[in-house]
Amino acid sequence: RMMNHTCENLFIFMEETMVLLSKTASHELKALKRLYRTAFPRAERKPFGLICRQARRGRMELLTLRGGNGELLGLAVTMLHGESVLLDYFAVDPSARGGGIGSEALRLLLERYAGKRFFLEIERLGLPDTPPEQEKLRERRKAFYLRNGMQAPGLYACILGSKWNC
């Protein structure tokens with residue numbers, strides 16, 4: 001595996017696939033907004049325009065995950081505050097899932113924010129009103145983050161009526 005990075009772009013070469021994580025260009029916003037809307041339930045989404053405004057102000061980063069041919073593979077939205085970084089949204093395009101791209105992207109994010117407190121929230125497990133298929137997705141999501149080096153400190157939050165593990 002070869003690695004090359006600048007302050008704006010991070011590259012990973014995985015066998016035949018190159019993964020690039022960088023700030024989103026204006027011509028990519030429509031495709032990123034489409035992925036954002038399909039990947040996250042309406043109740044959990046911030047207005048996309050707000051994310052773009054906060055990114056322009058330096059309070060958030062809207063990052064695009066691309067393959068070696070420039071194809072959209074996913075997105076990451078981070079909130080920045082001092083030495084803390086919240087991974088607010090992270091999604092890999094359904095057509096690109098299952099090949100290790102999410103793991104590589106998370107590694108790139110951790111490298112991008114090295115030296116900062118990097119954290120995220122996931123939906124709380126074991127709530128009685130959660131449909132079984134949603135519970136399985138939540139379990140898989142938690143396992144993904146744990147497998148990729150994140151830790152579960154056992155903190156819980158209730159944000160806008162949704163229950164989260166931090």
Side-chain angles (χ1 to χ4, degrees), residues 1-3 5 10-22 24 31-46 48 51 60-68 71-81 83-166:
R1 212 180 292 193
M2 295 173 42
M3 225 176 17
H5 60 88
L10 296 171
F11 300 88
I12 293 291
F13 297 90
M14 301 173 0
E15 297 174 17
E16 304 279 326
T17 306
M18 179 181 76
V19 177
L20 168 66
L21 177 71
S22 66
T24 301
L32 225 58
K33 183 177 183 179
R34 191 170 30 255
L35 175 59
Y36 175 71
R37 285 187 168 191
T38 59
F40 301 99
R42 172 176 271 186
E44 294 177 14
R45 291 191 312 247
K46 292 175 178 62
F48 195 75
I51 292 171
M60 296 181 93
E61 284 194 314
L62 179 55
L63 303 168
T64 302
L65 177 62
R66 290 186 216 81
E71 69 276 19
L72 176 67
L73 298 177
L75 67 87
V77 177
T78 57
M79 295 181 83
L80 312 170
H81 183 73
E83 293 300 309
S84 297
V85 177
L86 168 66
L87 179 57
D88 207 9
Y89 299 98
F90 180 60
V92 173
D93 188 273
S95 66
R97 290 182 187 154
I101 289 170
S103 294
E104 290 298 329
L106 186 57
R107 196 179 74 64
L108 289 172
L109 286 163
L110 291 168
E111 184 176 312
R112 181 181 190 91
Y113 300 113
K116 297 191 180 280
R117 287 183 299 262
F118 184 86
F119 64 100
L120 56 96
E121 312 149 329
I122 59 171
E123 303 94 341
R124 191 162 175 192
L125 299 174
L127 297 174
D129 58 343
T130 305
E133 64 277 2
Q134 283 296 317
E135 187 72 11
K136 286 180 184 175
L137 283 173
R138 291 174 180 187
E139 288 169 358
R140 285 183 51 216
R141 192 172 295 126
K142 182 176 181 177
F144 165 81
Y145 287 116
L146 293 173
R147 196 171 52 251
N148 284 284
M150 301 300 292
Q151 298 175 1
L155 300 174
Y156 303 100
C158 185
I159 304 168
L160 301 174
S162 295
K163 295 181 172 130
W164 301 88
N165 289 347
C166 300

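Quick note: numbers below take in every heavy atom, side chains included, and nothing from hydrogens, waters or symmetry partners.
In this structure Lys46 satisfies the side-chain hydrogen bond (donor to acceptor under 3.5 Å, both in side chains) test together with Asp88, sequence neighbours excluded. Annotation: side-chain hydrogen bond (donor to acceptor under 3.5 Å, both in side chains) contacts of Arg97 (sequence neighbours excluded): none. Residues passing the side-chain hydrogen bond (donor to acceptor under 3.5 Å, both in side chains) test with Thr38, sequence neighbours excluded: none. Taking Glu83 as the reference, Lys116 meet the salt bridge (Lys or Arg N to Asp or Glu O under 4.0 Å) condition, with sequence neighbours excluded. Tyr145 pairs by the ring pair (Phe, Tyr, Trp, His ring centres under 6.0 Å) definition with nothing, not counting sequence neighbours. Scored by the side-chain hydrogen bond (donor to acceptor under 3.5 Å, both in side chains) test, Arg34 finds no partners at all (sequence neighbours excluded).
When all heavy atoms of Glu135 and Gly126 are compared, the closest pair comes out as OE2-N, 2.7 Å. Across all non-hydrogen atoms, the minimal contact from Ile101 to Ala96 is CD1-O, 3.7 Å. Minimum heavy-atom separation, Leu32 to Gly74: CD1-O, 4.0 Å. Closest approach of Val92 and Gly102 over heavy atoms only: CG2-CA, 3.8 Å. In terms of heavy-atom proximity, Tyr36 sits nearest to Leu75 at N-CD2, 3.7 Å. Between Ala76 and Phe90 the shortest heavy-atom distance is CB-CD1, 4.1 Å.
In summary, Lys142 and Glu139 do not engage in a salt bridge, as defined by a charged side-chain N under 4.0 Å from a carboxylate O.
Tyr113 has its side chain out of reach of Leu87: every pair of non-hydrogen atoms, C-beta onward, lies at least 4.5 Å apart. In this structure the side chain of Leu109 reaches within 4.5 angstrom of the side chain of Leu63, judged on heavy atoms. With contacts defined as side-chain heavy-atom distances shorter than 4.5 Å, the pair Arg37/Arg42 does not qualify. Within the 4.5 Å cutoff, side-chain heavy atoms of Leu35 are placed close to those of Asp93. The side-chain heavy atoms of Phe118 and Leu86, taken from C-beta on, include no pair separated by under 4.5 Å. Looking only at side-chain heavy atoms (C-beta outward), Leu106 and Met150 come within less than 4.5 Å of each other. The closest side-chain heavy-atom distance from Val85 to Met79 is not below 4.5 Å. A 4.5 Å side-chain heavy-atom check between Glu61 and Thr78 finds at least one atom pair inside the cut-off.
For the atom pair Thr24 OG1 and Lys33 NZ, the distance stands at 14.0 Å (nearest 0.5 Å). The structure places CG of Leu65 at 7.5 Å from CG of Leu72, a figure rounded to the nearest 0.5 Å. Here the CD atom belonging to Glu104 is positioned 12.0 Å from the CG atom belonging to Leu73, to the nearest 0.5 angstrom. The distance from the CZ atom of Phe119 to the CD atom of Gln151 is 14.5 Å, given to the nearest 0.5 Å.
Put simply, the side chain of Arg45 gets close to the backbone of Phe40: a donor and an acceptor are under 3.5 Å apart.
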_Evaluation steps, side-chain contact (heavy atoms from CB on, under 4.5 Å), between Ile122 and Arg138_ = CA-CA 8 Å; Ile122 59 171; Arg138 291 174 180 187; over 6 Å; no
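A donor atom on one side chain and an acceptor atom on the other are not found under 3.5 Å apart for Arg124 and Thr130.
Arg147 CZ: more than 12 foreign heavy atoms inside a 6.0 Å radius.
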